[in-house]
J.: 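Below you will find the structure I want to go over with you.
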Amino acid sequence: MAKLNFGGVEENVVTREEFPLEKAQETLKNETIAIIGYGVQGPGQALNLRDNGFNVIVGQRQPSKSWDKAIADGFVPGETLFSIEEACQRGTIIQYLLSDAAQIAMWDTLKKHLTPGKALYFSHGFGITYKERTKIIPPKDVDVILVAPKGSGTSLRRMFVAGRGLNSSYAIFQDATGKAKERVVALGIGIGSGYLFETTFKREVYSDLTGERGTLMGAIQGIFEAQYSVLRSHGHSPSEAFNETVEELTQSLMPLVAENGMDWMYANCSTTAQRGALDWKDKFRDAVLPVFKELYDSVASGNEAQRSIDTNSQSDYRVKLDAELKELHDSEMWQAGKVVRGLRPEAND
């Protein structure tokens, strides 16, 4: 295990150089990895593991669009594609990649197949961290491990195909076999992680829920809406408002931040942009800091988890969700975005 130093703070990490793919393959050569669920994370992890030479099967409800997608991706019914229950029975490592709500609903079906020595794998710490609420309590004689890619399953797959890796955290909640560490690191390398950093189930879910509601999705959409609205209210066209709010950020500036950091991006912008950004960043920080503190407290208290459990378990949840997503999709800002994306040069090649 390597140690990285972040300004005096040391952190345990595992790189692909010290734990190469060949070592991961050897570690898991006698394992059958059952991917339960083929929705958000399932396809990316299943395909990357399969392409990396691991023994992978998929468990999915039938009939369903996800079952059909697994077939389209090359999984064969009766050979590498099974019902959820049969895949759980066959797997020695069960990757539980259903949604949080579906994990709760399916738990009684899965747990009877958690025989001694198997490993139960998560990509999110929700079910275990809030086990008093979810009732997901694994038996004591199985390994309980986590690898959480820091991005969507789609990004995990795209970066893998491009020869890159998406960084992931890893954690061990329960080591029943003495092999949990090797198993979890091998799986992290197998799914195509860039490097792995150590965490706990609790820290993973606290940071993940805060990030999703914060800078990754919730806060950024709120900021987009606010700036776009101000520009439109002062007579700027939808194209101008969208380009200044979203397009320049995502297509020009964020790639520079990803490559070299925000400090480098600041240093390579105009002096006018530098001055304004430096003058205003603290005002934005001070404005949103109380919101982030409130958000983290809500996550840590379990309120965010309970809201997810309560809403996602409602019979009309999908109808309500679709209505909210449609409102976002139909908004002027994202309709303008659709037009702008269609005018990118590569869109017309």
J.: Among Glu332, Glu244, Glu225, whose salt bridge (charged side-chain N to carboxylate O under 4.0 Å, His left out) with Arg232 holds?
T.: Glu332
J.: Is Asp51 salt-bridged to Arg157, cutoff N-O under 4.0 Å?
T.: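 Salt bridge flag = yes for Arg157 with Asp51.
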J.: Between the side chains of Gln103 and Thr134, is a donor N or O closer than 3.5 angstrom to an acceptor N or O?
T.: no
J.: Parallel, tilted or perpendicular: which fits the ring planes of Phe242 and Trp334, with parallel below 30° and perpendicular above 60°?
T.: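 Perpendicular.
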J.: Quick one: which of Thr271, Thr272, Asp279 gives a side chain to side chain donor-acceptor pair (under 3.5 Å) with Arg275?
T.: Asp279
J.: More than 12 heavy atoms of other residues, nucleotides or ligands under 6.0 Å from CE of Met254: yes or no?
T.: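 Result for CE/Met254: enclosed.
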J.: Before giving the answer on salt bridge (charged side-chain N to carboxylate O under 4.0 Å, His left out), spell out for Asp108 and Lys112 the whole-Å C-alpha distance, their side-chain angles and the decisive distance to 0.1 Å.
T.: CA-CA 7 Å; Asp108 286 340; Lys112 61 187 177 186; over 6 Å; no
J.: Between Arg341, Arg344, Lys338, which is the residue that forms a salt bridge (charged side-chain N to carboxylate O under 4.0 Å, His left out) with Glu247?
T.: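 Going through Arg341, Arg344, Lys338 one by one, the salt bridge (charged side-chain N to carboxylate O under 4.0 Å, His left out) with Glu247 is satisfied by Arg344 alone.
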J.: Just verifying a value: how many Å separate Leu166 CG and Tyr195 OH, rounded to the nearest 0.5 Å?
T.: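 Atom-to-atom, Leu166:CG and Tyr195:OH are 11.0 Å apart.
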J.: A quick test of your reading: do over 12 heavy atoms of other residues, nucleotides or ligands sit less than 6.0 Å from NZ of Lys150?
T.: yes
J.: Give a yes-or-no answer on whether the side chains of Gln89 and Glu85 include a donor-acceptor pair shorter than 3.5 Å.
T.: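 Per modelled atom types, Gln89 and Glu85 side chains form no pair under 3.5 Å.
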J.: Ring centres of Phe126 and Tyr130 under 6.0 Å apart?
T.: yes
J.: Taking only Lys NZ, Arg NE, NH1 and NH2, and the carboxylate oxygens of Asp or Glu, determine whether Lys23 and Glu26 approach each other closer than 4.0 Å.
T.: no
J.: Tell me whether Lys69 is salt-bridged to Asp73, with the criterion being a basic N under 4.0 Å from an acidic carboxylate O.
T.: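 Yes, charged N to carboxylate O under 4.0 Å.
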J.: Per the side chain to side chain donor-acceptor pair (under 3.5 Å) rule, which among Asp310, Thr311, Asn312 passes with Tyr317?
T.: Asn312
J.: Hey, quick one: are Ile57 and Tyr121 part of the same hydrophobic cluster, counting side-chain heavy atoms closer than 4.5 Å, chains of contacts allowed?
T.: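 Hydrophobic grouping puts Ile57 apart from Tyr121.
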